[in-house]
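Before any comments, here is the structure.
Every chain is numbered from 1 and lettered A, B, ... according to where its sequence line falls, protein lines coming before strand lines. Only a predicted model underlies this, so the values are computations on that prediction, with no experimental measurement involved. These values consider heavy atoms only, across backbone and side chains, with no hydrogens, waters or symmetry-generated copies.
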2 protein chains.
Amino acid sequence: MHKQEVTIYDVAREAKVSMATVSRVVNGNNNVRKETRDRVMEVINRLHYQPNAVAQGLASKRTTTVGLIVPDLTNLYFAELSKGIDDIATLYKYNIILSSTENKLLREDQVIQGLLNKQVDGVIYMGDRLSDEAAAAFERTNTPVVLAGTIDSREQFASVNIDYQKSDKEAFNLLLENGCGEIALILADAEASINKENRIRAYQEFVEEHNLTKHIYQDIYSYQDGYDLYGKLEEDGIEGALVTRNLSAVGIMNAALDDGKKIPDDLELITSNATAISEVVRPSLTNIKQPLYDIGAVAMRMLTKLMANEELEEKHMVLPYELVEKGSTTK
Amino acid sequence: MHKQEVTIYDVAREAKVSMATVSRVVNGNNNVRKETRDRVMEVINRLHYQPNAVAQGLASKRTTTVGLIVPDLTNLYFAELSKGIDDIATLYKYNIILSSTENKLLREDQVIQGLLNKQVDGVIYMGDRLSDEAAAAFERTNTPVVLAGTIDSREQFASVNIDYQKSDKEAFNLLLENGCGEIALILADAEASINKENRIRAYQEFVEEHNLTKHIYQDIYSYQDGYDLYGKLEEDGIEGALVTRNLSAVGIMNAALDDGKKIPDDLELITSNATAISEVVRPSLTNIKQPLYDIGAVAMRMLTKLMANEELEEKHMVLPYELVEKGSTTK
DNA sequence: ATGAAAGCGCTAACAC
DNA sequence: GTGTTAGCGCTTTCAT
């Protein structure tokens with residue numbers, strides 16, 4: 001950052017008005033006579049004046065910047081959510097400060113504190129679980145937060161989701177109807193609130209209701225994790241599974257195929273975080289299709305309202321999903 | 001943004017020192033006696049003081065923020081680059097302002113102007129082509145820029161890349177050696193400088209050298225575009241192709257498979273922007289493997305040097321790639 | 001409708 | 001080693 005070439009003061013002097021007036025025309029305040037406004041605009045254009053957003057931020061206490069907390073951008077699930085967020089953010093003229101939290105040098109609450117220090121006007125949170133410190137920091141600084149594609153048991157913050165319990169049960173039921181005996185739940189981080197409080201719970205209820213044996217496999221994060229897990233699944237006689245990460249699901253599927261098995265005849269697979277990947281593999285994966293872009297877009301729209309101190313009609317939005325039957329389950 | 005609860009002034013008063021001293025301890029300046037430093041730190045912790053980065057930015061003319069210009073985050077190619085950038089950025093304590101430029105309400109130079117207004121200390125550019133206005137704006141504001149995974153004919157800005165011409169020729173040669181007669185180049189935006197000045201040129205030279213017929217297919221952006229293109233490829237008797245986008249390559253492959261063809265027997269495919277997707281499809285795609293994470297990381301590291309006014313040993317870094325033979329070409 | 005002036009919270013000479 | 005004092009470039013009362 002070097003010394004700014006032309007400031008509001010230069011414009012004021014050149015246009016023979018006060019800084020206040022220049023500020024008004026820059027900010028679209030109506031209390032300016034048309035001739036004055038035109039004169040100021042002419043100078044602004046002539047001098048190529050551009051307001052310094054940092055100075056604006058300090059003076060106005062609004063930075064028109066929002067923080068985005070995302071575990072991992074290379075996970076298409078988050079990338080697609082982010083796209084919805086980004087589009088609405090630009091629509092409302094907000095900039096996004098990106099913060100990834102997975103495998104990082106910083107703890108999540110350090111990341112959040114950094115965002116708060118930058119004086120973001122609001123935050124979209126897509127992490128796995130919000131710490132108490134983080135929640136307290138948001139509270140203390142009075143920074144609005146919206147959770148996108150995540151849940152938090154506190155229900156303190158606004159959120160946009162699908163009904164994970166309902167969708168998962170629907171998936172389990174499909175596997176059951178298709179004749180799968182041993183049905184498994186395969187997930188990444190079992191402690192993530194979305195899993196702990198929704199998926200696992202839904203699975204428990206399902207298993208109990210139908211008197212089945214419980215098979216939960218956790219810490220399956222990657223393609224390779226899925227690939228390597230296959231052997232155990234076979235040992236355990238698993239015939240159907242709901243897999244949260246779609247890359248892991250593909251790993252399992254490929255391992256089965258490499259083992260000479262048939263999908264879905266020998267193993268039925270459903271993935272719950274469907275992205276483009278589930279569609280392009282062969283056979284394509286039956287999946288719980290979430291409106292990821294919309295979840296992001298709605299979350300960001302809600303945040304703009306909160307930042308403008310508007311009321312939210314609904315604090316917790318639940319968007320529709322669709323169970324899409326593809327080639328990894330029998331028809 | 002609400003009124004800040006505790007400022008540097010509060011800390012100064014409470015610790016019975018001047019603001020300057022508090023500022024010194026906050027910024028790790030050594031010119032503070034240990035006892036004073038301890039006393040100030042105690043107050044900082046007790047009051048939970050956090051510096052206001054916006055005020056720091058205005059006073060110091062450094063925002064410790066860099067702008068990231070990326071066409072589309074849901075393209076894994078960019079997501080993986082971004083991850084490398086992000087990791088190094090946090091390592092050096094920079095925040096990232098994210099700006100996507102594809103299918104957007106804003107033109108790219110508006111996006112860049114916005115970044116400049118936010119007083120970013122530097123910019124990583126991953127777009128397709130840098131406009132003259134944008135280049136001029138960077139020049140004018142003296143903002144360092146590094147291109148990651150992109151080229152710019154001006155060679156004015158630092159960059160990190162692989163040798164696209166060399167890698168592509170290697171790929172074409174592999175197809176030729178494998179006996180493909182009609183070899184095609186399939187790309188997205190033919191006007192992107194990376195294509196215009198590298199891939200297309202390499203292809204031209206290759207075709208001329210071997211006296212082959214030229215087959216360039218452009219505007220193939222998506223999986224579906226690839227899928228739909230297959231019919232034409234077959235009509236044209238294409239036996240081998242280099243496809244820039246790996247999702248498009250998968251689309252072509254799936255269309256061929258659905259048509260009862262065999263890969264690689266009937267059609268050989270190589271993709272040049274390999275991501276996880278090329279690995280998980282069956283058959284997996286022979287690809288030009290770029291060190292995407294490293295490209296991002298190195299680019300960001302270079303930017304930190306530029307922002308610190310250090311000299312760069314090399315302005316244009318060319319990283320190694322690898323042509324990885326998988327199942328979509330014959331062995 | 002316009003201007004004057006007081007900050008916003010911090011850094012950076014400069015003085016001591 | 002520590003304090004004093006100008007700003008940084010802008011917004012926002014409050015007058016007029």
Handout entry: Any A/S18 side-chain nitrogen or oxygen under 4.0 Å from OP1 or OP2 of C/dG3
Key = yes
Practice task
Send over the distance from A/N30 CG to C/dA1 P, rounded to a whole Å.
Solution key: 9 Å
Problem - Protein-nucleotide distance (B/I44, atom CD1; C/dC10, atom C1'), rounded to Å - result: 13 Å
Exercise for the section: Starting from P on C/dA1, measure out to CZ on A/R39 and report it in whole angstrom. Expected result: 15 Å
Using the 3.5 Å cut-off, write out each protein N or O paired with an N or O of nucleotides 11-13 of chain D and the distance between them.
unit_1 : atom_1 : unit_2 : atom_2 : d
D/dT11 : OP1    : A/N27  : OD1    : 3.4
D/dT11 : OP1    : A/N27  : ND2    : 3.0
D/dT11 : OP1    : A/Q56  : NE2    : 3.0
D/dT11 : OP2    : A/S23  : OG     : 2.6

Exercise for the section: Kindly say if B/T21 contacts the phosphate of D/dG1, meaning a side-chain N or O under 4.0 Å from OP1 or OP2. Expected result: no
Handout entry: Selection residues 92-102 of chain A - residue pairs positive for salt bridge (Lys or Arg N to Asp or Glu O under 4.0 Å), sequence neighbours left out
Key = none
Exercise for the section: May I ask you to test the A/V43-A/Y49 pair for a side-chain heavy-atom distance under 4.5 Å? Expected result: no
Fill in the blank from the handout: Per atom distances to the B/K61 side chain, the nearest of C/dA1, D/dG9, C/dG3 is D/dG9
Handout entry: Rounded distance in Å - NZ (A/K118) to C1' (C/dC10)
Key = 14 Å
Problem - Any residue meeting side-chain contact (heavy atoms from CB on, under 4.5 Å) with A/E108, in chain and number order, not counting sequence neighbours - result: A/T101, A/I112, A/Y125, A/L130
Exercise for the section: Quick one: list whatever passes side-chain contact (heavy atoms from CB on, under 4.5 Å) with A/E155, sequence neighbours left out. Expected result: A/H316
Fill in the blank from the handout: With sequence neighbours left out, the residues meeting side-chain contact (heavy atoms from CB on, under 4.5 Å) with B/T304 are B/Y92, B/Y94, B/M300, B/R301, B/M307
Exercise for the section: Check side-chain contact (heavy atoms from CB on, under 4.5 Å) between B/E310 and all other residues, then give those that pass, not counting sequence neighbours. Expected result: B/K305, B/A308
Exercise for the section: Please report, rounded to the nearest Å, how far the P atom of C/dC10 is from the CD atom of B/E5. Expected result: 10 Å
Practice task
Can you tell me the distance, in whole Å, between the CG atom of B/L58 and the P atom of C/dG7?
Solution key: 17 Å
Fill in the blank from the handout: Bend of the helix from C/dA1-D/dT16 to C/dC16-D/dG1 from end-axis comparison, five pairs per end, nearest 10°, comes to 30°
Completion exercise
Rounded to whole Å, the CG-C1' distance (B/N117 to D/dC10) equals 13 Å
Handout entry: Pairs meeting criterion salt bridge (Lys or Arg N to Asp or Glu O under 4.0 Å) with involvement of residues 36-53 of chain A, two or more places apart
Key = A/E14-A/R46, A/K34-A/D38, A/E42-A/R46
Problem - Pair B/Q113, B/N117: side-chain N/O donor-acceptor within cut-off below 3.5 Å - result: yes
Let me have the donor-acceptor pairs involving side chains of residues 79-88 of chain A, under 3.5 Å, with sequence neighbours excluded, atom names and distances please.
unit_1 : atom_1 : unit_2 : atom_2 : d
A/S82  : OG     : A/F78  : O      : 2.7
A/K83  : NZ     : B/D72  : OD1    : 3.2
A/D86  : OD2    : B/S100 : OG     : 2.7
A/D86  : OD2    : B/K104 : NZ     : 3.1
A/D87  : OD2    : A/Y293 : OH     : 2.5

Practice task
Let me know the distance between CG of B/N31 and P of D/dG1, rounded to the nearest Å.
Solution key: 5 Å
